[in-house]
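See structure below.
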Amino acid sequence: MTRLALVGLHGIIGEEWVRVSGTLEGDEPRVGGEVTLAVDGADITIATVRAVEDWGVPHLRTIAVDAAVADLLR
């Protein structure tokens, strides 16, 4: 199981994906795999990983998920 405790949400209006950053718990995310997204310690939703970013702050991971998920996380 993969869980991402969110610390940031990054999106551009009109894009099909949003990027979420956070602290990873469990397995490394893979494109096509599922990840549980958590906010303030509560699991909010399960999303399909669309892309995995290889840059950023070392202790944080950034992945792309469908833009529709953003409404649940705000």
Side-chain angles (χ1 to χ4, degrees):
M1 180 181 146
T2 302
R3 183 174 187 261
L4 190 71
L6 266 67
V7 296
L9 173 71
H10 323 281
I12 297 174
I13 294 172
E15 278 194 342
E16 62 182 298
W17 298 344
V18 293
R19 285 147 191 87
V20 290
S21 298
T23 305
L24 184 66
E25 301 169 6
D27 300 328
E28 191 67 26
R30 299 182 335 211
V31 173
E34 292 186 333
V35 61
T36 299
L37 301 175
V39 176
D40 295 329
D43 292 351
I44 302 299
T45 190
I46 296 174
T48 301
V49 177
R50 301 300 181 188
V52 178
E53 303 285 341
D54 289 329
W55 58 272
V57 180
H59 67 279
L60 298 178
R61 292 298 303 204
T62 299
I63 61 171
V65 297
D66 293 324
V69 173
D71 291 337
L72 300 172
L73 302 174
R74 293 187 180 145

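This chain uses plain numbering: 1 for the first residue, then up along the sequence. Because the structure is predicted, anything quoted here is derived from the model rather than measured. We use all heavy atoms of the structure for the numbers below, so side chains are in, but hydrogens, waters and symmetry mates are not.
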Residues forming a side-chain contact (heavy atoms from CB on, under 4.5 Å) with Glu15, sequence neighbours excluded: Ile12, Arg19
Note, Thr2 side chain near Thr36 side chain (heavy atom, < 4.5 Å): no
Whichever hydrophobic residues join Met1 through chains of side-chain contacts under 4.5 Å: none
Co-members of the apolar cluster containing Leu24 [side chain, <4.5 Å]: Leu4, Leu6, Leu9, Val18, Val20, Val31, Val35, Leu37, Val39, Ile44, Val49, Val52, Ile63, Val65, Val69, Leu72, Leu73
Salt bridge (Lys or Arg N to Asp or Glu O under 4.0 Å) partners of residues 55-70, not counting sequence neighbours, each pair once: Glu28-Arg61, Arg50-Asp66
For Ser21 against Thr62, the heavy-atom pair lying closest together: OG-OG1, 2.7 Å
Transitive ILVMFWY cluster of Trp17, excluding itself - 4.5 Å side-chain cut-off: none
Pairs where residues 29-49 contributes a residue and the test salt bridge (Lys or Arg N to Asp or Glu O under 4.0 Å) is met, not counting sequence neighbours: Arg3-Asp43
